[in-house]
Amino acid sequence: MKPMWMMMFTLLPLVAIIYIAWHVWVMLPFSAIWKLLIILAGILCVGMLFMNFARKFDSYPLPVAQAAYEIGTSSLIVLLYLVMLFLVLDLGRLVHLVPKAFLFHNGYAALAVFIFIFGLFLYGNLHYYNKVRVPLELKTSKPLPKTYKVVMASDLHLGYHNPRKELARWVDMFNAEKPDFILIAGDIIDGSMRPLLEERMAEEFHRLQAPVYACLGNHEFYAGHPEAKQFYKDAGIHLLIDEAVVVDSAIVIIGRDDRTNMRRKPVKELVDSLQSSIFRSALPLGSSKNLQSSIFNIQYSIVLDHQPYNLDRAETAGIDFQLSGHTHRGQVWPISWITDHIYECSWGSHQRGNTQFYISSGLGIWGGKFRIGTQSEYVVATLTSDKSLSD
């Protein structure tokens, strides 16, 4: 199955390049040499995408590697929209809504296509940088010592295209909320560890004024699992890999390993088995055994699970709230239609029984910095109870 997906990922851009190259050739009213140069430049941009996958730019100066990443990954989305645009024009020509002359040796048509694509991606880029603050109300009948304010995020994808300067802006946004703690649902790292280490991004996390709890995402595995774990440690992030921690003897936070690890523990097993080992070590010394054995039943439970599959299992396990990410909601339309079809919930708030979910479309992004029909976001949740610990 994996080789088939890799073959499709290689062949589809190739078909798209041929289709677009033909349209560019017949539309531009230039000499053959200029048409060829423009087409070759486009092919080079797409080629940078595959060179990035092969880590060919990791040895280049950082600004060169960053530019190659931006150009290569952005070209994939530009390809998508050029294919859609030319398909619409071809269908319009077939039903006689678009004159044939519009698509052949027409400088005005070529200029119109350029302006449309440039304007669309300018909007998409500006929209990406507009980070949306999503308020979320979480209520429980379980006792809490106070009302909690929690900042939640996922999919930061720090690396060549989200450098330390961008991370610093996000840290300032988080601190401005004055949260009690911060939750990050995986994919803090994009791929290569090189830009994170070279820019010393771990230092930026130490400016956060609240403890950070996180789980792994699939991109941490792409970056190298041991290296990613060391980065989390250096950044002062509490990384939970099929582990749990207790906050204020009132909130249980369980971080799941990413489903990339096919041998990760089921959430029900974590709930059933981690109480005696993990919860005991998380509680203050001298806590009673009765408290340790019944802790999950009286405490508010939060699960961090990067990929939002099998949401019914969190419900069955009795989880109160789950934070996930991964989907990006497709990043751009119409890929969002695909993610909406694949996942039970690909974005936003969701409810199954007594379990609440929030699937984030991500604070950062993979690849080109464009949001079309989706949003970059962070969640500010208020967790309240109708009981206190003294009740």
Side-chain angles (χ1 to χ4, degrees), residues 5-6 8-17 20 40-85 117-118 120-131 154-167 170 186-196 198-199 201 217-224 325-336 338-339 361-376:
W5 278 108
M6 291 177 64
M8 288 181 61
F9 189 78
T10 304
L11 288 178
L12 286 177
L14 180 60
V15 172
I17 289 171
I20 293 168
L40 288 177
I43 293 173
L44 177 62
C45 290
V46 178
M48 289 184 186
L49 172 69
F50 295 96
M51 292 178 72
N52 273 293
F53 287 148
R55 303 284 177 85
K56 296 295 185 182
F57 294 109
D58 278 359
S59 60
Y60 283 64
L62 188 60
V64 175
Q66 289 172 330
Y69 185 100
E70 293 281 7
I71 294 170
T73 55
S74 297
S75 67
L76 186 65
I77 307 176
V78 174
L79 268 182
L80 170 66
Y81 275 86
L82 281 174
V83 167
M84 289 194 299
L85 177 60
I117 292 296
F118 180 82
L120 180 66
F121 282 97
L122 177 61
Y123 156 77
N125 182 254
L126 295 174
H127 188 47
Y128 164 76
Y129 281 106
N130 176 35
K131 305 303 179 184
S154 74
D155 300 277
L156 277 63
H157 288 276
L158 299 175
Y160 285 126
H161 68 320
N162 283 319
R164 180 168 177 170
K165 181 180 178 181
E166 188 74 3
L167 173 60
W170 301 344
D187 276 6
I188 291 178
I189 301 167
D190 183 64
S192 173
M193 291 297 303
R194 182 248 180 140
L196 283 79
E198 195 164 318
E199 290 199 286
M201 292 193 202
N218 55 306
H219 277 255
E220 274 76 23
F221 283 84
Y222 303 156
H326 181 65
T327 70
H328 299 209
R329 209 193 173 201
Q331 297 188 186
V332 297
W333 178 90
I335 306 301
S336 53
I338 298 174
T339 58
S361 56
L363 180 63
I365 210 165
W366 174 89
K369 292 181 177 178
F370 308 112
R371 286 282 191 177
I372 301 172
T374 67
Q375 66 186 30
S376 293

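Counting all heavy atoms, side chain and backbone alike, T339 lies closest to T327 at CG2-O, 4.0 Å. S75 and C45 make their closest contact through OG-O, 3.4 Å (heavy atoms, listed as atom of the first residue, atom of the second, distance). The two atoms that bring R371 and Y128 nearest to each other are CG-CA, 3.7 Å, heavy atoms only.
The ring pair (Phe, Tyr, Trp, His ring centres under 6.0 Å) with F370 is formed by just one residue from the set Y129, Y123, F121; it is F121.
Every residue two or more places apart in sequence or in another chain that forms a salt bridge (charged side-chain N to carboxylate O under 4.0 Å, His left out) with E166 is listed here: R169.
Side chains of Y222 and N218: a donor on one and an acceptor on the other come within 3.5 Å.
Remark: side-chain polar atoms of D155 are not paired, donor with acceptor, to backbone N or O of I365 under 3.5 angstrom. N52 places a side-chain N or O within donor-acceptor distance of the main-chain N or O of M48, the cut-off being under 3.5 Å. Put simply, the side chain of D187 never gets that close to the backbone of H157: no donor and acceptor are under 3.5 Å apart. Looking only at distances, a side-chain donor or acceptor of Q331 sits under 3.5 Å from a matching main-chain atom of W366. Of the possible donor and acceptor atoms, none in the side chain of Q375 sits under 3.5 Å from a partner among the backbone N and O of S361.
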- Tell me, with the steps shown, if L363 and K131 meet side chain to side chain contact (heavy atoms under 4.5 Å, CB included). CA-CA 7 Å; L363 180 63; K131 305 303 179 184; 3.9 Å; yes
Scan the side chains in residues 59-72 for donor-acceptor partners under 3.5 Å anywhere in the protein, sequence neighbours excluded, and list what turns up.
unit_1	atom_1	unit_2	atom_2	d
Y69	OH	D190	OD2	2.8
Y69	OH	G367	N	3.4

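Taking the six-membered ring where the residue is Trp, the centroids of Y160 and F57 are separated by 6.0 Å or more.
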